[in-house]
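Following: one structure in structure tokens, then a few remarks.
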Protein chains: 2
Amino acid sequence: MSELRLPELDPTSDRPVFKQIADHLRAAIDRKDLSPGERLPSESQLISHYDVARMTVRHALQILQSEGLTVAEHGKGVFVRSRPPVRRLASDRFARHHREEGKAAFIAEAEGAGVKPSVDSIEITESEPSPDVAAKLNLSGEDRVVVRARRYLLNGHPVETATSYIPASIAKESQIMEPNSGPGGIYARLEELGHRLDHFTEEIRARMPLRDESRALKLAPGVPVFHLVRTAYDQAGRPVEVCDTIMSSDAYVLSYELPAR
Amino acid sequence: MSELRLPELDPTSDRPVFKQIADHLRAAIDRKDLSPGERLPSESQLISHYDVARMTVRHALQILQSEGLTVAEHGKGVFVRSRPPVRRLASDRFARHHREEGKAAFIAEAEGAGVKPSVDSIEITESEPSPDVAAKLNLSGEDRVVVRARRYLLNGHPVETATSYIPASIAKESQIMEPNSGPGGIYARLEELGHRLDHFTEEIRARMPLRDESRALKLAPGVPVFHLVRTAYDQAGRPVEVCDTIMSSDAYVLSYELPAR
DNA sequence: CAGTGGTCTAGACCACATC
DNA sequence: ATGTGGTCTAGACCACTGC
């Protein structure tokens, strides 16, 4: 690790010193001279190597952190980020045959991938829908929704928060109101209630996390989130659920299949 | 604008001063006390309001910037970010009926949305595929690919770079080698060459941009990118194109439809 | 304890925008 | 000329980690 050789600053360059330093370190990471988990040179080492003020090297380090390349650990050092296991979400993940095997989508898929899934902080409430959710569910006026909020973890590491909205007129007095929604999850319950599912739509955005999201997913600085909103439609064409999920972008690759017809 | 009222610091709080300042400004933005395009108080105004050092308010401002909430403009001030027009990409965007209308997907769709599309910096080369692309295209050994790189703009603002890889054995001597690939784009050409398209797969990741990407898309700090890799398959099940695209995440909402079967 | 990163100060000089 | 943000210095004290 003392093997790491960093270039000198180029005093003729217009590029600010802190950016040059960030460039050097980024290049070392890209070249794998510094591999995931490895410690970067300490601030004081960088200060003496480059002969600059502390704020300058901190600025450089902060650039890397905001790019999601490193994490600082107080009292220990700055480390090259190592990525959590990645979940690949395929477009058949809500296929009925999965549901009929009696497991909720998340659990089934994670076990297939050899990681330990868990779910925590399930909160179930009933409330008025936001205008956005009401529009997606075709609700109006007095209609209320059942809200199921939960957080998914892989190997104990949070990767996703999900909030489902189901019209109260459908969910009332069903197992959808229970923390454990039973085999196959709420989609299986919706089908038992006569809403045979036809298709889903998903809308995907990416952005930097809000503070709450960052906390709930224990996101490292510089890691964006996927914001995915899924709407489930039954065979009568009625929207029966909206699920709003925030996913750590470095725990996921989303995958879809599109017809050419 | 002098209307903006910011709270005082809470000296009893454990929360660092720069975070408290960032919180105040973020809240003002969320409440729309500061709306998109509006200028934030200048550094010196914040310094005198909070009675702190300049580096402290700069740190706070930088937090907001890294969250993508603001942009600094040298000599002018710090402004609440206003978003570019958003493109919604639907999962039927490569349907044959669009192709048969004689327009490439990007142009057709943008015109429908009332924005002026353009394409620039088309580079066409032939080279060895990267291992990743070779694997996706089922290529081996000597096989080469034709590479088409271009950049898409809306109303003059770059939103996406795309690089297509087509097996050279297919593309050679076709209009795919020309900067203007003709009516319906390269997918129409592939079909004329006997590769009737069957379906596409798309893999989506989100992350912070690399330096080059940031420059090519003129991204504001704190804006992540979608990294989307699409593979096109013909009706014989053969992969005939891989398209690697980087999209500004705040210019796009991706939308897909999934079957429940 | 020594070494690490986290926060903060009080200055300096520079480059860009506006009038 | 003035006000804005961009870069940089040279310190200070604090909190966390590890031995």
Side-chain angles (χ1 to χ4, degrees), chain A residues 1-2 4 8-25 34 37-66 69-81 211 214 220-222, chain B residues 1-2 4 8-25 34 37-66 69-81 211 214 220-222:
Chain A
M1 51 139 296
S2 58
L4 182 66
E8 303 294 317
L9 293 176
D10 175 0
T12 71
S13 167
D14 278 351
R15 196 162 174 77
V17 173
F18 77 91
K19 287 189 182 174
Q20 291 189 48
I21 297 176
D23 291 345
H24 296 170
L25 293 168
L34 289 166
E38 218 173 328
R39 217 194 76 185
L40 272 65
S42 72
E43 292 182 357
S44 44
Q45 288 172 319
L46 291 171
I47 288 167
S48 57
H49 176 79
Y50 288 112
D51 193 27
V52 294
R54 184 169 175 225
M55 285 304 295
T56 304
V57 316
R58 280 185 66 76
H59 197 168
L61 289 169
Q62 185 189 40
I63 298 295
L64 299 178
Q65 180 149 336
S66 78
L69 293 177
T70 61
V71 255
E73 297 183 36
H74 198 164
K76 298 205 284 190
V78 177
F79 299 83
V80 180
R81 253 163 56 72
R211 265 227 284 137
S214 195
Chain B
M1 48 136 295
S2 57
L4 182 65
E8 303 294 317
L9 293 175
D10 175 0
T12 71
S13 166
D14 276 352
R15 196 162 173 77
V17 173
F18 77 90
K19 287 189 182 175
Q20 291 189 48
I21 297 176
D23 291 345
H24 295 171
L25 293 168
L34 288 166
E38 219 173 328
R39 217 195 76 184
L40 272 65
S42 72
E43 294 182 356
S44 44
Q45 288 172 319
L46 292 171
I47 289 168
S48 57
H49 176 79
Y50 288 112
D51 193 26
V52 294
R54 184 168 174 226
M55 286 304 295
T56 304
V57 317
R58 280 185 65 77
H59 198 168
L61 289 169
Q62 186 188 38
I63 299 294
L64 300 179
Q65 180 150 336
S66 79
L69 294 176
T70 60
V71 255
E73 296 184 35
H74 198 164
K76 299 204 286 192
V78 177
F79 299 84
V80 180
R81 252 164 56 71
R211 266 226 284 138
S214 194

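A note on names: the letters A, B, ... follow the listed sequences, proteins ahead of strands, and every chain is numbered from 1.
To the nearest angstrom, P of C:dA15 lies 17 Å from CZ of A:R15. As a whole-Å value, the separation of A:R39 CZ from C:dT4 C1' is 8 Å. Taking atom CD on A:Q45 and atom P on C:dG3, their separation rounds to 11 Å, with Å as the unit. Here C:dA15 presents its C1' atom at 15 Å from CD of B:E73, a figure rounded to the nearest Å. For the pair B:K76 NZ and C:dA15 C1', the computed distance is 14 Å after rounding to whole Å. One interatomic measurement links the two molecules: NE2 of B:H74 to P of C:dA17, which rounds to 8 Å at whole-angstrom precision.
In this structure, CD in A:Q65 is found 10.5 Å from CG in A:L40, a value given to the nearest 0.5 Å. Atom CG of B:L61 is separated from atom CG of B:L69 by 11.5 Å, given to the nearest 0.5 angstrom.
In this structure, A:S42 and B:P16 both approach DNA chain C, and ranking their closest nucleotides by distance from the 5' end singles out A:S42. In terms of position along DNA chain D, the nucleotide closest to B:G75 lies nearer the 5' end than the nucleotide closest to the other residue of the pair B:G75 and A:G75.
Between B:Q20 and B:R15, the closest heavy-atom pair is NE2-O, 2.9 Å.
At least one side-chain heavy atom of A:H59 sits less than 4.5 Å from a side-chain heavy atom of B:Q62.
Close approach of DNA chain D to chain A, defined as any atom under 4.0 Å from a non-hydrogen atom of the protein, starts and stops at D:dT7 to D:dG18.
If you check residues 51-60 of chain A against DNA chain D, the residues with a heavy atom closer than 4.0 Å are A:V52, A:A53, A:R54, A:M55, A:T56, listed by number.
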